[in-house]
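Bear in mind the structure is a predicted one, so any value in this text is a computation, not a measurement. What's counted below: heavy atoms across the whole structure, side chains too, no hydrogens, waters or symmetry copies. Note that ligands are numbered from 1 as they come in the structure, with each ligand's atoms numbered from 1 the same way.
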Amino acid sequence: MSCQGSVVLFLGSLLFLQIIATSFGQLQVDYYRNTCPKVESIVRAAVERKFQQTVVTAPATLRLFFHDCFVRGCDASVILVKKNGAAEKDNPINLSLAGDGFDTVIKAKEAVDSVPGCTNKVSCADILALAARDVISLTGGPSYAVELGRLDGRISTKASVRHHLPHANFDLAKLKAMFASHGLTLTDLVALSGAHTIGFSHCRQFSRRIYRFRSRNRIDPTLDLGYAKQLREMCPTNVDPRMAISLDPTTPRIFDNQYFKNLQQGKGLLTSDQTLFTAARSRKLVNLFASNSTAFEHAFVTAMTKLGRIGVKTGNLGEIRNDCTRVN
Ligand code: HEM
Ligand SMILES: *[C@@H]1O[C@H](CO)[C@@H](O)[C@H](O)[C@H]1NC(C)=O
Ligand SMILES: CC(=O)N[C@H]1CO[C@H](CO)[C@@H](O)[C@@H]1O
């Protein structure tokens, strides 16, 4: 390569880094200090109220944040409703997105908007990011400062979901590639998967593993046999498709590092969970997080912060929605 060529290349990558830097450079922990200084406590109180009514609030809200960020960036596009049923949330993958996650954001937004001065000042995307942090700490996980200043997007399509969300049957290579496409590392992937320490999965997400792994009646050999038998009891072949069971069979309502200990024992419910222990490269991280909950919490908070920076919209690329389910 000529000398001139590499200078151009160098300038080009500087510009690229600059663009990346500014795309989340505007996020700030105290973003609403002048416009709605009490936003954190208002959202927290609303999330707590909702959580006391139903514990499903926690996993539903956490998962909603993940889905929002992976599809078109953290812009609350996942909450938009379309009359023709063609929005992100209408993709079949949403069966999983329990209505309580949406409801949490809508209730918190109402609470924020009812405070004089705060009306229509805080984005739905930021409320979701705060609510996700709050449900983690409400279930016993770490708390952390949330960067704010995201605007809400105006676009939501069912089709955009398919290629942007991981599937339960993904192997490590596919998971890694999808997370890398959002700037997330293997450590981020393993740490964030620890979110499966709370919440539920429908039987069909893992029925192949317990009934017809490669051939009829065969059980996935990476599954603990006793656990697989329990799963067969809870999810018989004629099970109601709405039936969902705990992702963490040991401490299903507590945000802890038990998820990683489960993986060591062949009790990862989804293929995408167990593969983190089966594959040598990620097994080291699983073992670290299983043995050191502080290491897990640090890695999880770092990864959540990175997740929250994906595709953030600022300036005229977005708006502060008045109603989280509709563009203004
Ligand atoms: C690594 C790739 C991932 C895959 C393949 C995956 C897949 C799934 C699947 C299939 C379910 C069950 C859905 C259902 O049947 O209802 C689920 C639930 C859940 N996921 Fe993930 N997920 C992944 C990563 C994440 C991340 C990064 C987070 C958050 C940081 C997350 C949070 C959750 C939560 C909290 C639930 C429980 C939802 C509820 O009970 O309502 N997942 N995930
Ligand atoms: C656990 O991880 C934390 C954070 O990475 C580290 O400071 C600490 O030394 C680790 N503890 C042990 C017992 O290895
Ligand atoms: C919460 C939510 O929006 N759920 C929708 C998911 O998609 C099904 C159809 O695929 C709808 O019936 C649900 O209302």
Side-chain angles (χ1 to χ4, degrees), residues 54-71 74 91-104 128-129 131-133 135-136 139 141-142 161 164-182 184 186-209 235 239 241-248 252-255 257 259 263 268-276 279 282 285 287-308 310:
T54 163
V55 287
V56 177
T57 298
T61 303
L62 180 52
R63 185 162 200 239
L64 191 61
F65 179 63
F66 168 52
H67 282 211
D68 184 35
C69 293
F70 261 43
V71 184
C74 312
N91 187 288
I93 220 169
N94 92 18
L95 244 179
S96 38
L97 292 174
D100 289 309
F102 299 91
D103 196 42
T104 301
L128 177 52
R133 184 268 314 269
V135 296
I136 292 163
T139 46
V161 175
H164 292 96
L165 286 172
H167 287 259
N169 62 1
F170 273 16
D171 62 13
L172 186 69
K174 281 189 180 156
L175 292 170
K176 259 194 75 185
M178 183 168 278
F179 277 64
S181 75
H182 295 294
L184 298 173
L186 180 66
T187 306
D188 297 328
L189 161 65
V190 177
L192 285 173
S193 296
H196 289 177
T197 177
I198 55 170
F200 303 92
S201 169
H202 293 85
C203 294
R204 67 174 182 84
Q205 300 287 356
F206 55 86
S207 59
R208 212 170 248 286
R209 300 187 73 203
C235 296
V239 71
R242 289 166 302 184
M243 174 72 179
I245 69 155
S246 295
L247 284 157
D248 170 357
R253 290 177 178 196
I254 302 172
F255 193 102
N257 67 340
Y259 168 83
L263 299 186
L269 186 58
L270 310 176
T271 297
S272 61
D273 296 318
Q274 197 58 50
T275 191
L276 301 178
S282 45
L285 290 161
N287 289 337
L288 170 68
F289 296 155
S291 68
N292 186 335
S293 59
T294 311
F296 163 52
E297 291 191 348
H298 284 181
F300 186 79
V301 167
T302 300
M304 281 294 281
T305 304
K306 287 170 77 176
L307 178 64
I310 296 174

Against ligand 1, does Val56 come closer than 4.0 Å with any heavy atom? no

Measure the distances from the heavy atoms of Phe179 to every atom of ligand 1 and state whether one is below 4.0 angstrom. yes

Phe70, Phe206, Phe66: member with heavy atom nearest to atom 27 (C) of ligand 1: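 When every heavy atom of Phe70, Phe206, Phe66 is considered, Phe66 comes closest to atom 27 (C) of ligand 1.
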
Nearest heavy atom to atom 40 (O) of ligand 1 wins, so pick from Phe200, Phe65, Phe170.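 Residue with the shortest heavy-atom distance to the ligand atom: Phe200.
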
Using heavy atoms and a threshold below 4.0 Å, how should the contact between [X] and ligand 1 be classified: side chain, backbone, both, or neither?
| X | result |
| --- | --- |
| Pro59 | both |
| His167 | backbone |
| Gln205 | side chain |

Side-chain heavy atoms of Phe66 within contact of Pro166, under 4.5 Å: yes

Just so I know, are the side chains of Leu276 and Tyr259 near enough to count as touching, which here means a heavy-atom distance under 4.5 Å? yes

Note: ligand 1 atoms sitting under 4.0 Å from heavy atoms of Ser193 are 1 (C)

side-chain hydrogen bond (donor to acceptor under 3.5 Å, both in side chains) against Arg133, all qualifying residues, sequence neighbours excluded: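 Per chain and number, Arg133 pairs via side-chain hydrogen bond (donor to acceptor under 3.5 Å, both in side chains) with Glu40.
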
Can you pull the residues with any heavy atom under 4.0 Å from ligand 2?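 Lining ligand 2: Asn292, Ala295, His298.
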
Any idea which heavy atoms bring Cys235 and Ile245 closest together, and the distance? SG-CG2, 4.2 Å

Tell me whether Thr275 contacts the main-chain N or O of Ser272 through its side chain, where contact means a donor paired with an acceptor under 3.5 Å. no

